[in-house]
Student: 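Take a look at the following structure, please.
It should be emphasised that the depicted structure is a prediction, and the values quoted were computed from it without experimental measurement. In this chain, numbering begins with 1 at the start of the sequence shown. Order of listing sets the numbers, starting from 1, for every ligand and every atom in it. Below, all heavy atoms of this structure are taken into account, side chains as well, without hydrogens, waters or symmetry copies.
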Amino acid sequence: MALAEFRLIDRYFASRTHERKDVALGIGDDAALLDVPAGMQLVAAIDGMVEGSHFPVGTDPSAVGHKVLAVNLSDLAAMGAEAAWATLFLSLPQADETVAEAFSQGFFGLAERYGVALVGGDTVRGPFTAVVQVQGFVPPGAALCRNGARPGDEIFVTGTLGDGGAGLALAQGRLQASGPDADFLRERLERPMPRLEVGLRLRGIASACIDLSDGLAADLTHILTRSRVGARIEVGQLPLSDTLMRCVPDLHPRLDLALFAGDDYELCFTVPPAAVPDLTAVANDGRCPLTRIGVIEGEPGLRLVDRDGGIYTGATPGFDHFA
Ligand code: ADP
Ligand code: MG
């Protein structure tokens, strides 16, 4: 490792990390030594982002630092896990202090909020790429898996859907928005907030859970396949933000963003009817909006039903509303 990379790690990563008592040995040795709390199961996930593929060239590096950690924490949230540690692989074209500084600011802004310690990583020269691995804990048997949905379970989502996709359309010049609406959509695309608190509160309540990275239809289908069930979604119930309503005035493009676009990082989960009343505590006085969008059925497949009870087909695959 060259001196420049060493200074970069030391200055922008090693010295900035949050301290945790369960980190016996953090950054600086050949590997980290970590104490898993007695009786807990370790939960691990990894996700990475490559410039040009997962974020546009020219994206603010602090947004990249935030998002690469956020998408990982979102996976822990979807498992009902408490977040603890992260490791980071960072590839930069040059040992660029401005980029490293901004990246670490975005990364640690989010890490601190959830008490996550960066305990190691690797820094190399190459195309701008960031890969994060996270670890967290759940009590054995308490993880929220994809295979637990049963016919009759009600389907819910957190927050609003379609904003991430609209943010991408805006970034790519396919959608027009300005002022606070543009800021909101950009924020939703670049700085999603993982639903960790909700995931924790869903332990013992949700029968299945997934985070929405590829769009509701695709991600819910993962639950359906793993659980060997089907679902009916009432598209008129999908929660949409005021910004999305304003910026995408036509119904079909709006619903297609909510159903198929991805990048929302909200949670989609199923709840047995008997446990639905317990959701009042999960919503935490309305601080996390939860919306019922449909029901699990025995018949395999995903049925999207519109207001008149007809089948909603959406746009033809590949059709671009904003082209
Ligand atoms: P090695 O050659 O043993 O892999 P390195 O020189 O790559 O060691 O790294 C030195 C120390 O710095 C290690 O503890 C490693 O985990 C840490 N480290 C390197 N890059 C990063 C990074 N981007 N973020 C956090 N820790 C890092
Ligand atoms: Mg190394």
Student: Output the list of atoms in ligand 1 that are nearer than 4.0 Å to some heavy atom of Gly28, sorted by atom number.
Tutor: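 By the 4.0 Å cutoff, the relevant atoms are 11 (C), 13 (C), 14 (O).
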
Student: Only heavy atoms count here, so choose which of Leu90, Asp10, Leu118 is nearest to atom 24 (N) of ligand 1.
Tutor: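 Considering heavy atoms of Leu90, Asp10, Leu118, the nearest to atom 24 (N) of ligand 1 sits in Leu118.
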
Student: Is there a side-chain contact (heavy atoms from CB on, under 4.5 Å) between Glu82 and Met40 once you walk through the steps?
Tutor: CA-CA 10 Å; Glu82 167 198 349; Met40 293 294 252; 4.2 Å; yes

Student: Relative to atom 18 (N) of ligand 1, which among Gly121, Ala86, Ala130 owns the nearest non-hydrogen atom?
Tutor: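 Among Gly121, Ala86, Ala130, the closest heavy atom to atom 18 (N) of ligand 1 comes from Gly121.
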
Student: Check each atom of ligand 1 against the heavy atoms of Thr123 and keep those under 4.0 Å away; list them by number with element.
Tutor: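 Taking each heavy atom of Thr123 in turn, ligand 1 has 19 (C), 20 (N), 21 (C), 22 (C), 23 (N) under 4.0 Å.
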
Student: Within a reach of under 6.0 Å around CZ of Arg20, are more than 12 heavy atoms found that belong to other residues, nucleotides or ligands?
Tutor: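 Yes.
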
Student: Is the shortest heavy-atom distance from the side chain of Arg113 to the side chain of Met193 under 4.5 Å?
Tutor: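 Of all side-chain heavy-atom pairs linking Met193 with Arg113, at least one is under 4.5 Å.
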
Student: Using a 4.0 Å cutoff against the non-hydrogen atoms of Gly120, which atoms of ligand 1 qualify?
Tutor: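 Reading through ligand 1 atom by atom, the close ones are 16 (O), 24 (N), 25 (C), 26 (N), 27 (C).
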
Student: Show the numbers, then the answer: is there a side-chain contact (heavy atoms from CB on, under 4.5 Å) between Asp263 and Leu212?
Tutor: CA-CA 7 Å; Asp263 261 315; Leu212 299 179; over 6 Å; no

Student: Give yes or no for whether the N/O distance cutoff of 3.5 Å, strictly under, is met between Gly26 and ligand 1.
Tutor: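 Among all N and O atoms of Gly26, none is under 3.5 Å from an N or O of ligand 1.
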
Student: Taking atom 13 (C) of ligand 1 as the point of reference, which of Asp29, Val132, Asp30, Ile27 owns the nearest heavy atom?
Tutor: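 Checking each option, the heavy atom nearest atom 13 (C) of ligand 1 is found in Asp29.
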
Student: Does some side-chain heavy atom of Thr87 sit less than 4.5 Å from a side-chain heavy atom of Val119?
Tutor: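 The answer is yes, as the side chains (C-beta and beyond) meet within the 4.5 Å cut-off.
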
Student: Here's a test for you: under side-chain contact (heavy atoms from CB on, under 4.5 Å), which of Thr243, Leu244, Leu170 qualifies with Asp181?
Tutor: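 For Asp181, the side-chain contact (heavy atoms from CB on, under 4.5 Å) check succeeds only for Thr243.
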
